[in-house]
Structures are given as structure tokens and as C-alpha cells.
Amino acid sequence: MITSEFRPAWTPELEDQYSDLITRVGTTVPCLEWPLHLPWVDAINRLKRYRRAVVMAHSYQSPEIFHGVADVTGDSLALAQAAADCDADFIVMCGVHFMAETAKILAPDRIVLIPDLEAGCSLAASITADDVHQLRALHPGAPVVSYVNTSAAVKAASDACCTSANAVQVVEAMGTDKVIFIPDQYLGRHVASRTEVELVLWEGRCEVHEQFTAQQVRHTRERFDAQVVAHPECSPEVLAEADFVGSTTAMASWLRKEQPTRVALVTECSMADNLRNQFPAIEIIKPCNLCPHMKRITLPNIHACLTELRHAVEIPRAVAISARAALHRMLSVGRRDEP
Ligand code: 13P
Ligand code: SF4
């Protein structure tokens, strides 16, 4: 029997078997690391076929996960859409907890597993369903749009969800002059700058993106003569310095379209690594920060999760029904942030 203490062994044949992967990811995973990663990559790939499982990885996952074992990759909207369409027996979410919850809400008949239950998010932790009820009482009649970076209970207390890829369109689809937009105040301020709708904001922030400063970005641009692309969870001062602001998938689309010589990516570190592999001709500078929650997901804990079928995400039925309605409202709007 395979247990969580299992350690797959390195064999020289693995290097031949995965030569395509090694070449593709060669710009970010040094060859010295492959003897460590490949045994896990191979064991996970075999196990996921045996389990009829799909591995989904957010753009912030480490390259050996993103390129080595994921069947579906993308931003949180792309992962939510993929979960809604998925017919595998198991979904392994290599992202943070709210992403696994979103997958479970949209795919209630699938078993959704997350390799580490502690993979949280500072935005999701910043607000509760009770806070949402209090906001509604303070602003009667204003609908609530919640960023997907929220718990299932907060989604259930919302009228619609959004991601950074479609926040403006979801806010406008509410059809009101005023919307309560939670919990990311920086994304909220970015959305407010692009719509006539009045937004009531919450004080949440992403602990990773709030660390970037405008001075850092100006310095990077001058030093490297680089264009700047930033995630809308950064502060307004940082976003004002950027040539393009978009979700993680929109950043990739922008690179594909613009083909800049050199670009600085103001977001989570692994995103830059993953894009380097997709765009080897573009020089990608990474003035980046690590998301400690995303980094709780590792090849060994993905393997353990598939072996022991741990940790299955469960959501109370009534919460799931209301949260699903809010997510469906978002999915009906779709993706609108392509450059
Ligand atoms: P995306 O919606 O762009 O995937 O971002 C999710 C996230 O957690 C960014 O910090
Ligand atoms: Fe949450 Fe920020 Fe990590 Fe994204 S990068 S999961 S918003 S803490």
C-alpha cells in the first residue's frame, strides 16, 4: 500500500521520459532540482490517472506543479469555469482554500481535495458573513458583489461574485447606482475608477500585493527599461505606474499581444516563473513577493492528498445553494478583461 511516508525513487529513465518538461521549464527550474521533483511528478501523474482525478493549479503555483502535474491552469476565474465543466471523480485544487470551496460549490458531485487545509488568504480572512449582513443594514437596497477571494459563507451572503477578470462588468450588471463591493479595497478602488457606479468598500487587502510600492515600480522601470504589468490587488499608487493592469490570465494575454522586449510583473513570484516558460523571448523581471498560502502546496502533499484522498472540502447545503447562485451570476457575465 502507498502511504503518506512514501518517497518515490529517482531513476535515470525519468529524465528521458520527462525530457519535454525539462526543456520547457528549463528557464526556471535548474537541472539540479529535477532529481528531487521528477519522482514526485511521475508518481502524481500515475496516481491521478488511477484515481480519475484532475489537478487544477492557479498561476501562482510553483513551476514544477504548474507545468509538471496540472491538467488545468489559470486565474481564479478560469479555475472556477473549469470546475463547473469538470466530470472527473476528484478535483485536486492546487490553490488556496477559497478556490477549493469555489470548485466544490460549482461541482457539487465531484470530490474536491486540497493538499493543505491551511492554505488560506488574507482577503478571505478579512470578512465574515455577519460583516456582510451589517453592511447591508447600513446601505439598504445596495446589492453585494464579493470578490471570489472570500469564504463560502460570505459568497452565500452576496448577490454576485466576481474575480479581478470581470469585476467592473459584474458591478455594472447589478443595474443599481450603488454596490457594496467586498473585501479588497484596492481592487474596489480600481473598479471604482472605471465605472459610474458608487462603490461601498471594505478594508481588506492582499498581504502579498499590498507590499509593492510605487517607488519600487518606478525604480524597476528606470533600471531595466521595462514595461510594467500589475495585478489590481496592488495599491492605486502602484497601479498608476503600470502600463497594464489585469488578472493573472489577462497578464499572459497582454504579453502574447504586445510582445514587449522586457516586462516587470508586479505580482506573486511564481507567476513570473510560469510566464517565463510560456514566453521565452520576453525578458521577465520579477519584483515579486511570495504568497505563503499558495506555497503550502507541494508535490509531496499533492501526492499524499491523492493517496489518502485527504482533505475533502465540504460545504453546508444551504450555504452551497446560495453561494452557487452568486457564482452563477458571475459566470453568466464571463470574462471581460482581455487586453
Ligand atoms: P486572479 O483572480 O487573478 O487569479 O487572482 C487571485 C488571487 O488570489 C490573486 O492574488
Ligand atoms: Fe490571497 Fe494575496 Fe495569496 Fe492571492 S496572493 S491567495 S489574494 S493572500
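Order of appearance sets the numbers: ligands from 1, and atoms from 1 within every ligand.
For the residue pair Ser59 / Asn274, no side-chain donor-acceptor distance below 3.5 Å is found, with atom types taken as modelled. A donor-acceptor pair shorter than 3.5 Å can be found between the side chains of Asp131 and Thr128.
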For a quick test of your reading: what N or O donor-acceptor pairs under 3.5 Å do the side chains of residues 189-196 make, sequence neighbours left out?
{"from": "Ser193", "atom 1": "OG", "to": "His190", "atom 2": "O", "distance (Å)": "2.6"}
{"from": "Thr195", "atom 1": "OG1", "to": "Glu172", "atom 2": "OE2", "distance (Å)": "2.7"}
{"from": "Thr195", "atom 1": "OG1", "to": "Val197", "atom 2": "N", "distance (Å)": "3.1"}

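Side chains of Thr102 and Lys155 form a contact here, defined as non-hydrogen atoms less than 4.5 Å apart. Contact annotation: the side chain of Val96 approaches that of Met294 to within less than 4.5 Å [non-hydrogen atoms, C-beta and beyond]. Two residues are said to be in side-chain contact when any heavy atoms from C-beta on lie closer than 4.5 Å; His303 and Thr298 fail this criterion. Here the side chains of Phe212 and Ser235 are not in contact, with every heavy-atom distance at 4.5 Å or above. Side-chain atoms of Asn289 and Glu207, non-hydrogen and from C-beta on, never get closer than 4.5 Å to each other.
With ligand atoms numbered from 1 in the order given, ligand 1 contributes 10 (O) to contacts under 4.0 Å with heavy atoms of His209. For ligand 1, the atoms lying closer than 4.0 Å to a non-hydrogen atom of Ser164 are 1 (P), 2 (O), 3 (O). Numbered from 1 in the order shown, with element, the atoms of ligand 1 that lie under 4.0 Å from a heavy atom of Asp75 read 1 (P), 3 (O), 4 (O).
Closest non-hydrogen pair, Lys295 versus Tyr60, comes out as NZ-O, 2.6 Å.
Evaluation of the salt bridge (Lys or Arg N to Asp or Glu O under 4.0 Å) rule for Arg24 yields no partner, not counting sequence neighbours.
Of the polar atoms of Ser247, none of the N or O atoms is found under 3.5 Å from an N or O of ligand 1, judged by distance alone. Considering backbone and side-chain atoms together, Thr248 places an N or O closer than 3.5 Å to an N or O of ligand 1. Polar contact check, Asn149 against ligand 1: a nitrogen or oxygen pair lies under 3.5 Å apart.
Within the structure, every pair that satisfies the salt bridge (Lys or Arg N to Asp or Glu O under 4.0 Å) test and touches residues 42-57, not counting sequence neighbours, is listed here: Asp42-Arg46, Lys48-Asp71, Arg52-Asp89.
Regarding atom 6 (C) of ligand 1, its nearest protein heavy-atom neighbour is His58 NE2, 3.7 Å. The shortest contact between atom 3 (O) of ligand 1 and any protein heavy atom is with His231 NE2, 2.9 Å. Of the protein's heavy atoms, Ser76 OG, 3.5 Å lies nearest to atom 1 (P) of ligand 1. The protein atom (non-hydrogen) at minimum distance from atom 9 (C) of ligand 1 is Glu233 OE2, 3.2 Å.
Atom 2 (Fe) of ligand 2 has Cys206 SG as protein N, O or S atoms under 2.8 Å away.
Under 4.0 angstrom from ligand 1, there are no non-hydrogen atoms of Glu268.
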